[in-house]
Amino acid sequence: NYNKKTMNMNKVKKMIDKVNSIRPDIIIFTGNLIYGETTIEEITELEEEFNRLEATLGKYAVYGEDDDQTKIIMKNSGFINLENTYDLIYKDQYKPILITGINSDYPDYDEMFGYFESENANSDIFTIAIMHKPDSIDGILDYRPVDLAMAGYSLNGLIHLPKVGGLLLKDGCRNYYDSYYKIDDTDFYISSGLGTRELPYRLFNHPSINLYRIKWHLCVIFYLLS
């Protein structure tokens, strides 16, 4: 989360610079940008900073439970809201990739996977699913398999003890909170995020932005601030 203790504006600017230095094709945001009270000036500056993010093929977002202000910031920064919908990503002459998103609290799987109802749908298309709360993955995979899934929210437990796992977990990330799971044929990644929540501490749990290279050498930056 953006906050004045552990993820202040200077760190946001450094994060933006780091992401842009990687030159990603896609940027994915999985919710919870702001924690605590924020001034109008800070909101304006956050929007200016997120406007600087550059992605050659698109910027996509799903949102958390406290992201009313965030939705405005991200929309004005060029992010596409993927909650309960999908998009096709094209690169050069290659076949497209399908990216879908879910609203973790009000899921609509028919809309999320609406692509497959189209007349010319490719049933074998490489599919990415993004969500805010990791435990949403079970409902998604019960409806339809995906190749790659990404979530946020859990912060990997904030305090993550060896052989014990994450300790500070909430509803929505009690089943899945570690950085990676293999579920049948789905690779499922959960970002540890860049901030904190009520307690401004982390233990054995490094903040992260995550870079993935997938089909047709697509460079994907996946990050969240909480």
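It should be emphasised that the depicted structure is a prediction, and the values quoted were computed from it without experimental measurement.
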Can you confirm whether [X] sits close enough to [Y] that some side-chain heavy atom of one is under 4.5 Å from a side-chain heavy atom of the other?
X: Phe116; Y: Leu98; value: yes
X: Leu53; Y: Val19; value: yes
X: Ile99; Y: Leu82; value: yes
X: Ile209; Y: Lys18; value: yes
X: Leu148; Y: Met150; value: yes
X: Met74; Y: Asp67; value: no
X: Glu83; Y: Ile102; value: no
X: Tyr115; Y: Asp87; value: no

Handout entry: Asp138: side-chain hydrogen bond (donor to acceptor under 3.5 Å, both in side chains) partners, not counting sequence neighbours
Key =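 If we apply the side-chain hydrogen bond (donor to acceptor under 3.5 Å, both in side chains) test to Asp138, skipping adjacent residues, the hits are Tyr176.
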Exercise for the section: Give a yes or no on whether the ring-centroid distance for Phe113 and Tyr143 is below 6.0 angstrom. Expected result: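 Ring centres of Tyr143 and Phe113 closer than 6.0 Å.
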Exercise for the section: Would you please indicate yes or no on a ring centroid separation below 6.0 angstrom for Tyr212 and Tyr189? Expected result: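 Aromatic pair counts; centres sit under 6.0 Å.
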I'd like to know if the side chain of [X] and the backbone of [Y] have a donor-acceptor N/O pair within less than 3.5 Å.
X: His132; Y: Thr30; result: yes
X: Asn20; Y: Arg52; result: yes
X: Asn84; Y: Pro107; result: no

Exercise for the section: Could you tell me whether Arg174 and Asp135 make a salt bridge, using a distance below 4.0 angstrom between a side-chain N and a carboxylate O? Expected result: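 No, no charged N to carboxylate O under 4.0 Å.
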Problem - Ion pair check, Asp105 and Lys133, cut-off under 4.0 Å - result: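 Between Lys133 and Asp105 there is a salt bridge, with a charged N closer than 4.0 Å to a carboxylate O.
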Handout entry: Working for ring-ring contact (aromatic ring centres under 6.0 Å, His included), residues Phe188 and Tyr180
Key = CA-CA 6 Å; Phe188 185 28; Tyr180 174 76; 8.8 Å; no
Exercise for the section: State plainly whether one hydrophobic cluster holds both Ile125 and Val146, where clusters connect Ile, Leu, Val, Met, Phe, Trp and Tyr through side-chain heavy atoms under 4.5 angstrom apart. Expected result: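 Hydrophobic grouping puts Ile125 with Val146.
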Exercise for the section: Could you please spell out the steps behind the side chain to side chain contact (heavy atoms under 4.5 Å, CB included) verdict for Asn32 and Tyr63? Expected result: CA-CA 7 Å; Asn32 282 7; Tyr63 297 104; over 6 Å; no
Handout entry: Distance (rounded to the nearest 0.5 Å) between Lys13 NZ and Asn8 CG
Key =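 One gets 10.0 Å once the value is rounded to the nearest 0.5 Å.
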